[in-house]
Amino acid sequence: MSGDLSCAASGCAATTVVACAYVDRRGRPCPTAWCRDHVEAAGDRPYCRRHAGVMRARLADPQESMLPDLESRAPGLIEWLARDLAEGVEAALLATGAGDSVASEAAHTVHQARARERTWERSWRLCRNTGFVHRVCLQVEEAHDTEVTLVVDRREVVRLTPPWIAARLSGEVVSPEEDARRRAEFRESLLGAVRRGLDDEASVRLP
Ligand SMILES: [Zn+2]
Ligand SMILES: [Zn+2]
């Protein structure tokens with residue numbers, strides 16, 4: 001490895017770069033640097049994509065004082081999934097006809113009795129008048145950042161490993177077309193699980 005800094009984006013040869021400003025809770029700085037096309041900002045500071053997600057979540061919720069370990073992909077994964085699924089989750093919530101608006105919560109961490117490590121979560125609530133009717137929640141445990149858990153109301157509906165993570169873990173090389181196909185399939189199976197979970201909750205509530 002040379003000592004020269006070049007942009008960490010794959011295929012980018014730019015050498016005018018700025019280092020990611022992230023420092024984790026053990027005081028270890030993120031080792032990546034990025035050109036101005038590939039750097040991301042959160043607040044006024046430069047970050048890699050993963051840590052920009054972490055810091056945006058933190059800015060949205062200043063109570064969130066614990067910074068995740070440098071190597072945890074949980075915050076980045078939860079942000080990516082939330083962006084990809086938000087529209088579908090909102091549509092599924094509104095399709096129940098039980099409420100009139102959807103409120104989403106920014107990424108934050110929760111402590112759970114069953115998980116010793118912190119869990120990152122993104123959630124959407126279906127609201128009616130002043131209360132909420134249903135809540136759909138995606139969770140990734142910091143120590144198990146290869147799995148996403150879908151919770152509808154209080155029930156865990158499904159737990160899945162995203163296909164690109166499964167491929168990375170097994171060392172499988174996947175063509176861009178196959179990757180896109182698997183991502184679409186994964187999105188559909190999560191949204192299908194959201195709809196099933198909401199159906200089940202609705203039938204439990206019927207008199
Ligand atoms: Zn670059
Ligand atoms: Zn970083």
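Atoms within each ligand, like the ligands themselves, are counted from 1 in listed order. These numbers come from a predicted model, not from an experiment.
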Fill in: Angle, SG of C7 through the Zn ion (ligand 1) to SG of C35 - 10° precision
110°
Discussion item. If you consider just the N/O/S atoms, which atom of H38 is the closest one to the Zn ion (ligand 1)?
Written reply: ND1
Worksheet item: Hey, is R181 close enough to E177 for a salt bridge, meaning N to O under 4.0 Å?
Response: no
Worksheet item: Within 45 degrees of the axis of the six-membered ring of W80 and under 6.0 Å from its centre: does R187 put its NZ or CZ there?
Response: no
Worksheet item: Is L169 linked to W164 within one hydrophobic cluster, defined over Ile, Leu, Val, Met, Phe, Trp and Tyr using a side-chain heavy-atom separation of less than 4.5 Å?
Response: yes
Worksheet, complete the sentence: the Zn ion (ligand 2) -> H51, closest N, O or S atom is ND1
Item to complete: Using only heavy-atom distances, determine whether the side chains of Q139 and W120 contain a donor-acceptor pair under 3.5 Å.
Response: no
Discussion item. Nearest 10°: the angle subtended at the Zn ion (ligand 2) by C30 SG and C20 SG?
Written reply: 110°
